[in-house]
Chemist: 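First the structure, then my questions, so here it is.
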Amino acid sequence: IFQGYNESFEKNNDYNVNDLWIRGTYSKNIFKSPLRIGISSQIFKSSLGIKEVYLFEFSFGTILRLNKGGSELGVSIHQLGKEFDKKAQINMDTKLVFSASKELKHLPLNIFFDTIMLQGTPGVESFLGLVFTITDQLKFKIGTSSRKLNQDVGESLTKSILGATGLGFG
C-alpha cells in the first residue's frame with residue numbers, strides 16, 4: 001500500500017498495487033525427431049489502485065535441434081489472448097519470434113539471438129545474449145538489444161550502450 005497523490009501532487013487515498021500470474025507450459029519432441037513443439041498459457045491479473053486488468057494469453061512454437069554443433073533454431077508466436085476488462089486499454093499485439101542459439105564446444109558458453117516482429121509495427125527488435133556456465137548451479141548472463149538505438153539517453157557512449165544491456169547471475 002502506497003500513499004496516493006492526485007495530478008497536483010496533493011496527498012489523497014492510499015492505493016494498492018499487485019500482480020498475479022498463473023502459467024502452465026507443455027512441450028514434447030515430435031516422435032524421435034530433433035523437432036520439439038510447445039505451448040504456454042497464462043492468466044494474468046493486475047491491480048493498480050482502482051484499476052484492474054484480467055488477461056488470458058497463450059503462446060506456441062517449435063524448436064529444431066541441429067545435430068552438429070549444439071545449435072537450435074526456433075520460431076514462436078506470443079501474446080495471443082483476450083482481455084476480460086473492456087475499460088482497460090491493453091496492448092495485446094501478437095509477436096512473431098525467430099530464435100537461434102549455439103552452445104560452444106570448447107567454452108562453457110551459450111549464445112542466443114532473437115528477432116521479434118510485432119503485429120502492426122514496422123521493423124523488428126533484436127536481442128543478443130550470452131550465458132556462461134560457471135557451475136551447474138551458477139550461470140553468468142549478459143544481454144543487449146536493438147532497443148538501445150531508440151532509447152539513447154543522449155549522454156555518454158557508455159550510458160547509451162548500457163541503456164539496453166542486462167547483466168545477472170542465475
Side-chain angles (χ1 to χ4, degrees), residues 1-2 14-66 70-103 108-121 123-148 150-151 162-170:
I1 297 178
F2 298 93
D14 290 343
Y15 69 90
N16 190 358
V17 179
N18 62 67
D19 289 340
L20 172 67
W21 289 87
I22 300 173
R23 177 179 297 174
T25 60
Y26 179 77
S27 69
K28 181 176 178 146
N29 281 77
I30 297 178
F31 305 109
K32 293 186 179 191
S33 74
L35 192 61
R36 186 171 194 85
I37 59 171
I39 188 167
S40 171
S41 77
Q42 57 195 357
I43 296 172
F44 173 66
K45 176 192 178 267
S46 181
S47 300
L48 174 61
I50 60 171
K51 297 180 182 179
E52 288 190 342
V53 175
Y54 297 89
L55 301 173
F56 174 73
E57 176 184 298
F58 71 95
S59 305
F60 63 92
T62 186
I63 295 174
L64 175 63
R65 180 175 289 251
L66 304 175
S71 300
E72 293 181 336
L73 299 174
V75 63
S76 56
I77 297 176
H78 298 254
Q79 290 188 194
L80 297 166
K82 173 85 175 128
E83 62 185 81
F84 294 107
D85 184 2
K86 293 296 181 189
K87 296 178 220 171
Q89 296 297 317
I90 305 298
N91 180 1
M92 287 285 292
D93 292 336
T94 302
K95 294 179 181 179
L96 178 62
V97 181
F98 296 97
S99 303
S101 71
K102 170 81 173 146
E103 189 173 334
L109 175 64
N110 204 333
I111 302 170
F112 299 92
F113 183 76
D114 293 324
T115 297
I116 299 174
M117 290 184 240
L118 187 60
Q119 174 188 352
T121 306
V124 297
E125 288 184 329
S126 298
F127 299 85
L128 176 66
L130 305 172
V131 177
F132 294 90
T133 303
I134 299 167
T135 69
D136 286 341
Q137 292 79 31
L138 182 62
K139 298 176 191 296
F140 175 72
K141 303 174 182 182
I142 187 167
T144 190
S145 78
S146 61
R147 290 180 179 169
K148 70 180 181 151
N150 62 4
Q151 294 178 352
L162 295 176
T165 300
L167 181 66
F169 288 94

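Model, not experiment: these values are computed from the prediction. The first residue in the sequence is number 1, and the count goes up from there.
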Chemist: Going by side-chain hydrogen bond (donor to acceptor under 3.5 Å, both in side chains), name the residues that satisfy it together with Lys45, two or more places apart in sequence or in a different chain.
Modeler: Ser47

Chemist: I need the Ile111 CD1 to Ser101 OG distance, nearest 0.5 Å.
Modeler: 9.5 Å

Chemist: Look at the side chain of Gln79 and the backbone N and O of Asp93, then say whether any donor-acceptor pair between them is shorter than 3.5 Å.
Modeler: yes

Chemist: In Å and rounded to the nearest 0.5 Å, what is the OG to CZ distance from Ser99 to Phe112?
Modeler: 9.5 Å

Chemist: Mind checking the CG-CD spacing from Leu66 to Glu72? Nearest 0.5 Å is all I need.
Modeler: 8.0 Å

Chemist: Taking atom CZ of Phe60 and atom NE2 of His78, what is their separation to the nearest 0.5 Å?
Modeler: 10.0 Å

Chemist: How about Thr94 and Ile77: do any of their side-chain heavy atoms sit closer than 4.5 Å?
Modeler: yes

Chemist: Is there a side-chain contact between Pro108 and Phe132, using heavy atoms and a 4.5 Å cut-off?
Modeler: no

Chemist: CG/Leu109 to CD/Glu103 distance, rounded to the nearest 0.5 angstrom?
Modeler: 9.0 Å

Chemist: How far does CG of Leu80 sit from CZ of Phe56, to the nearest 0.5 angstrom?
Modeler: 10.0 Å

Chemist: With a 4.5 Å heavy-atom cut-off, do Val75 and Leu96 have their side chains touching?
Modeler: yes

Chemist: Please examine the side chains of Phe98 and Met117, heavy atoms only from C-beta on, and report whether any two atoms are closer than 4.5 Å.
Modeler: yes

Chemist: Quick test of your reading: applying side-chain hydrogen bond (donor to acceptor under 3.5 Å, both in side chains), list the pairs with at least one residue in residues 29-40, sequence neighbours left out, ordered by first then second residue.
Modeler: Ser27-Arg36, Asn29-Arg36

Chemist: Where is the tightest heavy-atom contact between Thr133 and Lys139, given as atom of each residue plus distance?
Modeler: OG1-NZ, 3.7 Å

Chemist: Asp114 and Ala100: which non-hydrogen atoms are nearest, and at how many Å?
Modeler: OD1-N, 4.4 Å

